[in-house]
There are 4 protein chains.
Amino acid sequence: MKAGIIGSTGYAGQQLVGLLINHPKVEISFLSSYTYEHQIFSDVYGIYDHIVKMQCISLSEALEKVKDIDVLFIALPHGQSLEIIEQVKNKSVKIIDFGADFRMKNHETIESWYGLVHQDLDLLHEAVYGLPELNKDKIMKASIIANPGCYPTTAILGLLPIIREEYVDHHSIIIDAKSGVTGAGRKATLSLSFAETNESIKAYSVGEHRHTPEIEEVLNAYSNKAFLVNFTPHLVPMQRGILSTIYVNLKELINEEQLMKVYKNFYKSHPFVRIIDQLPETKNVVRTNFCDISVRIDQRTNRLIIVSAIDNLLKGAAGTAVHNMNLLMGYEEDMGLNSVFYYL
Amino acid sequence: MKAGIIGSTGYAGQQLVGLLINHPKVEISFLSSYTYEHQIFSDVYGIYDHIVKMQCISLSEALEKVKDIDVLFIALPHGQSLEIIEQVKNKSVKIIDFGADFRMKNHETIESWYGLVHQDLDLLHEAVYGLPELNKDKIMKASIIANPGCYPTTAILGLLPIIREEYVDHHSIIIDAKSGVTGAGRKATLSLSFAETNESIKAYSVGEHRHTPEIEEVLNAYSNKAFLVNFTPHLVPMQRGILSTIYVNLKELINEEQLMKVYKNFYKSHPFVRIIDQLPETKNVVRTNFCDISVRIDQRTNRLIIVSAIDNLLKGAAGTAVHNMNLLMGYEEDMGLNSVFYYL
Amino acid sequence: MKAGIIGSTGYAGQQLVGLLINHPKVEISFLSSYTYEHQIFSDVYGIYDHIVKMQCISLSEALEKVKDIDVLFIALPHGQSLEIIEQVKNKSVKIIDFGADFRMKNHETIESWYGLVHQDLDLLHEAVYGLPELNKDKIMKASIIANPGCYPTTAILGLLPIIREEYVDHHSIIIDAKSGVTGAGRKATLSLSFAETNESIKAYSVGEHRHTPEIEEVLNAYSNKAFLVNFTPHLVPMQRGILSTIYVNLKELINEEQLMKVYKNFYKSHPFVRIIDQLPETKNVVRTNFCDISVRIDQRTNRLIIVSAIDNLLKGAAGTAVHNMNLLMGYEEDMGLNSVFYYL
Amino acid sequence: MKAGIIGSTGYAGQQLVGLLINHPKVEISFLSSYTYEHQIFSDVYGIYDHIVKMQCISLSEALEKVKDIDVLFIALPHGQSLEIIEQVKNKSVKIIDFGADFRMKNHETIESWYGLVHQDLDLLHEAVYGLPELNKDKIMKASIIANPGCYPTTAILGLLPIIREEYVDHHSIIIDAKSGVTGAGRKATLSLSFAETNESIKAYSVGEHRHTPEIEEVLNAYSNKAFLVNFTPHLVPMQRGILSTIYVNLKELINEEQLMKVYKNFYKSHPFVRIIDQLPETKNVVRTNFCDISVRIDQRTNRLIIVSAIDNLLKGAAGTAVHNMNLLMGYEEDMGLNSVFYYL
């Protein structure tokens, strides 16, 4: 099959390139880049030297080639895929979008949190939220897949197994998330410089982060309830990885062991979620497509604490995109995603 | 005045040495060390070469010298100061203890969380919890000061201004704390090695960390209520610093601006707490004795989020110890604590 | 083919596991570990959870299984493979040894630098120095392969193309090398703790590092000259990667462009050496099996500066081991070594 | 005395602020900043909140105030102080310049390496190279002090004690230097971002770095010889600190112990150079004004290896600036420079 990538020189985009060059079924037809238009891809990312010999093409050149490919990946910042998808929607190409533009169904939520106005609501509703553990069947038949946000992936996977349960106090959910710096994208920004970032941690966008309504909409749709969550992201001095610590009040006494069984059972057919006994550490998931989850009950407060960890560029972006592509094309779910493991 | 330090070669102990050699009123009478007994202090910490020329003495040698000093600092791991303090209690020396042994008044709590049995409950009750913002007057007259834990310092300072208020839901308090690795002490441990620690974050001791009852006892005593908190510590790949994100449900609508005023007013006479508009970052407090605090109200969930940050070795240990010494001796509160600022 | 690994839980050993589980021709027969004997491998390295389900066996159990495998990898600290190899030398198994025990031919050098006494000099001489770019033909027919040291790999690959040339001043070679901390192995050592290692750089073993005679012996044998080098290693706060900056006085004026051609030509049939125009950075080689090399001539001093970079655990250890296995078995050189690329 | 700072919001500038606010003799009259003109200084550097309450003024405002101060510090990038100094040269103010504009005496060298044209050669020759260990007497009487570069400080201090000796091969000097990222200044640059900088090391400006002629001119003037050095800087993932490893061929056999005595004797009256037995590590000098130096002789190659370490923002910039100010004003050399020590 043939794939094209728009936005190949961001961190998620280049990671997608890394996955696709090793995927046994994929041929990359083109890489496009706005910033590095007409430059050799491996001049931007020297690690690919001798391996990826393509030149980055422009967006307009990419759009002309869309008709010849099977899957188009769009790895652009939020707000930039809407227009592109509207342009190519009538072509037979399948679209996997890394941005937030099509993740939520409520266009008013999108408008109020992102300032993005959807004109074609049918198109919006056609898009499938591309979390394989939630929407596997829909993804297999989708034409537009909205790849989940990185933070929402940790939060939703952590909460899905219990969110429909009566013992969960729906007003109580707090998600305290910690991310490495690649989550902010590849930018020349003073606040992301090594000198300003290393050896420090901070919270940011408290009460205001745009992943909040994404988490809420997905959980509400799945549980048929209407609730609000607190989501607090933090910036941690590391390159990759997200760890989310999720707090849920329990209305009944629940046994930790039983709960672990619920979780293991829920994900038993999902190859990329590992329910583990030890508390997750990001070093065990970075450069893999796994989400590691463990749960603890604090019996003193009868509160459930769920800890989930992913690699923001893989399970939180390019890995799930390939997973979705595999589902779309009828390949094995983990094809191209179970390669060499790099501890450290 | 003359000071002695037992446990001078741990991270907190050596930081205390760093502060005291610059304190205008202090003469260090002795440094003791178990691990580096009879070695030159600056051979252990090369940064002090040419500056600190003392040799570390043994504990028994130190105990003999206690009679000749005014203040004894004990910077040992938990459980090791109880016996020492019982030995020197009848001497006229004032004691500032970095350990947890005398922090709580409820000896049963100490026993169940630390396995430490206090025989002399009068001695336990004589000790003052050495958080200057809470117990300034008592500290000035104390003979034994139990220096607060590093995590509790961030949590208690973050919560004190509102903990007596009716609008606070006392069953709702969650403290999600993130610490650099010096909080674990100076140890040859695989899990603290650079290779295992860098580029990764993890939660640990979920629901079980021994700073939990310390936070609860102090807040309960101050608010005259009985409640339980969730405290979840995380290990972050940085050397110094703690950031605590504290979640509190509000029973009434409160205005963020008014709340900031409450905080500013509460700490207006306390030189080492800064209530700031921006969200705290540990880089602005490390190598200072400040605790930076900011508050946010998430109006969607009517939840208060308090973020507080300190340097675990200063405001969380050696800095507060010197602050307490200043109070004990009647010096200016900030004497020896407002020296050069090192951003980065 | 069947492979066994002795010493599978060190950093190089576990990386070898990571490579072999994805190698299309290899079945791992056993993993042994001294430290984690009879423990589940993925309990030691959580990243392999759900992927590697084997238990670590003991050394004696491993030695019994050696007769049933094709290749035995020994990834133990220096001095521990000599005895093992003497025990299994008459079995048909091929051996790839990560240690230094068989790297040099001069048994006196081994004895004086490592304190290791070889009784069976025939065995020593049978061993092939496993640097594929130097000894490809010999490796293909070898029975014992001594995998090169990590530092020597950077130095030798950087110098090979010119070391036979008359314009090289053989008395002038200085190798200033910088390594991440995994080069020191997986140890509970205070000096390798995060707190002691992060945010600092140091030189160590100046004039005394045991990789010095390895570099010299290989270069002398290849150039038929007898010279001595200066080798100075440094410890850098990063997990993986070595960068060596090599200084060579030139006896004649040489053109930089011509020299680049010499290098490109020398390595044109070697898939894992990249001669690049930009100066190497370790981030472009870590988690790959590449060695990146670039050269500069300082015309003011007529000195050649060669910069070479590798991943110490791959091209400097497990990657070259697999490369050697491929050569031994007649597979494609890069089989199992060109998988997903992880920038960052 | 009254001091003014032009360029107070760069990394070196703000560090100077940190030193001066604790200096017992100094009153800061003004801080100027181009980037943060008319902003509160502590809004730029939150660590100074509650401590430094001044607003940054513009350059033109600063120039008007120059007449009322005793010492003007200029902490601007290279090439920006020349014009300013020409404007204020007739005022009675003493100038301490952090830039390279007045460091060298040979105006042609300045022009060819920096592209800077000096019209007023008298002014250039009036300036004193502000390395206190070299030019103490001249500094005390100077009106313009050119503060040394950070790399040159390590190289020159490492070489001064032996550079006049006959046993030194003057054609052999190689300086391999490793710096943390603050050496590059405070910039929004992709290549200095955390994601691009952490976990990687590189060499840069090989054979071309502009600190090369500064090192040469100072050493040549002092030794009355004419020689050229190789200087290779590297970027290391840490915030502060420079370690230089310097290689010198010896024409005679020299004893290491004797050489250490030569070094100790040379610096015996200089409070900020420590000749130490162990190899220097940057963690023992960062946030101090010390330069740590140790020497080794590799007897196999008869080569001297000198390792020197400093904090680039202190001994390499602001610390030496204050040292120079102390000399100018007749204060104790170490006034304001021997405050609290922060290991880590």
Side-chain angles (χ1 to χ4, degrees), chain C residues 171-174 176 178-180 191 195-208 212-213 216 227-232 234-243 245 247 249 256 278-286 294-303 305 307 309 343-344, chain D residues 171-174 176 178-180 191 195-208 212-213 216 227-232 234-243 245 247 249 256 278-286 294-303 305 307 309 343-344:
Chain C
H171 299 296
S172 72
I173 296 174
I174 290 171
D176 189 285
K178 298 91 177 170
S179 176
S191 64
E196 299 292 319
T197 309
N198 198 37
E199 287 287 314
S200 191
I201 182 170
K202 66 175 175 186
Y204 65 98
S205 300
V206 174
E208 303 170 349
T212 311
E216 288 172 352
F227 58 94
L228 302 170
V229 304
N230 258 95
F231 168 63
T232 310
H234 297 76
L235 187 69
V236 178
M238 58 187 197
Q239 294 175 309
R240 286 171 175 249
I242 292 177
L243 187 94
T245 311
Y247 300 88
N249 290 355
E256 194 174 288
Q278 306 95 311
L279 290 164
E281 312 189 23
T282 60
K283 69 180 173 181
N284 287 334
V285 296
V286 291
S294 197
V295 297
R296 293 289 183 278
I297 289 173
D298 183 352
Q299 294 188 319
R300 299 167 66 253
T301 58
N302 204 28
R303 194 169 276 137
I305 299 114
V307 183
Y343 180 73
L344 309 173
Chain D
H171 299 296
S172 73
I173 296 175
I174 290 172
D176 189 285
K178 299 91 177 168
S179 175
S191 64
E196 300 292 318
T197 308
N198 199 37
E199 287 286 315
S200 191
I201 182 172
K202 65 176 175 186
Y204 65 97
S205 301
V206 175
E208 301 170 350
T212 312
E216 288 172 352
F227 58 91
L228 302 171
V229 304
N230 257 95
F231 168 64
T232 310
H234 297 76
L235 187 69
V236 178
M238 57 188 198
Q239 294 176 310
R240 285 171 177 248
I242 292 178
L243 188 92
T245 312
Y247 300 90
N249 290 354
E256 195 174 286
Q278 305 96 312
L279 289 164
E281 311 188 25
T282 60
K283 68 178 173 183
N284 287 335
V285 295
V286 291
S294 197
V295 297
R296 294 288 183 278
I297 288 172
D298 184 353
Q299 295 188 318
R300 299 167 66 254
T301 58
N302 203 28
R303 195 169 275 138
I305 299 111
V307 183
Y343 180 74
L344 309 172

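Within every chain, numbering begins at 1; the chains are lettered A, B, ... in the order of the sequence lines, protein sequences first and strands thereafter.
When each of Pro237(C), Ala195(C), Gly180(C) is scored by its heavy-atom pairs under 4.5 Å with chain D, the top score falls to Pro237(C). Counting heavy-atom pairs under 4.5 Å between each of Asp176(C), Ile242(C), Leu235(C) and chain D puts Asp176(C) at the top. Ranked by non-hydrogen atom pairs under 4.5 Å with chain D, the options Ile174(C), Val206(C), Leu243(C) are led by Ile174(C). Of the listed residues Arg296(D), Glu196(D), His171(D), the one with more heavy-atom pairs under 4.5 angstrom with chain C than any other is Glu196(D).
Heavy atoms closer than 4.5 Å to chain C are found in both the backbone and the side chain of Arg300(D). With a threshold of 4.5 angstrom between heavy atoms, Pro280(C) approaches chain D through N, CA, C or O but not through any side-chain atom. Val286(C) does not touch chain D: none of its heavy atoms, backbone or side chain, sits under 4.5 Å away. Contacts between Ser179(C) and chain D at a heavy-atom distance below 4.5 Å are absent for every atom of the residue. Proximity to chain D is absent for every atom of Ser294(C), based on heavy atoms less than 4.5 angstrom apart. Proximity to chain C is absent for every atom of Phe227(D), based on heavy atoms less than 4.5 angstrom apart.
At least one side-chain heavy atom of Asn230(D) sits less than 4.5 Å from a side-chain heavy atom of Ile305(C). Side chains of Asp298(C) and Glu208(D) form no contact here, defined as non-hydrogen atoms less than 4.5 Å apart.
Side chains of Thr282(D) and Ser200(C): a donor on one and an acceptor on the other come within 3.5 Å.
In Glu256(D), the CD atom is crowded: over 12 heavy atoms of neighbouring residues, nucleotides or ligands sit closer than 6.0 Å.
Contacts of Asn249(C) classified as side-chain contact (heavy atoms from CB on, under 4.5 Å), with partners at least two apart in sequence or in another chain: Asp169(C), Ser172(C), Arg303(C). A search for salt bridge (charged side-chain N to carboxylate O under 4.0 Å, His left out) contacts involving Glu281(C) returns Lys283(C), not counting sequence neighbours.
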Show, in sequence, the C-alpha distance, side-chain angles and deciding distance for Lys178(C) and Lys202(D), and conclude whether the side-chain contact (heavy atoms from CB on, under 4.5 Å) test is met. CA-CA 10 Å; Lys178(C) 298 91 177 170; Lys202(D) 65 176 175 186; over 6 Å; no

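Partner of His234(D) under the side-chain contact (heavy atoms from CB on, under 4.5 Å) criterion, chosen from Leu279(C), Val236(C), Val307(C), Thr245(C): Thr245(C).
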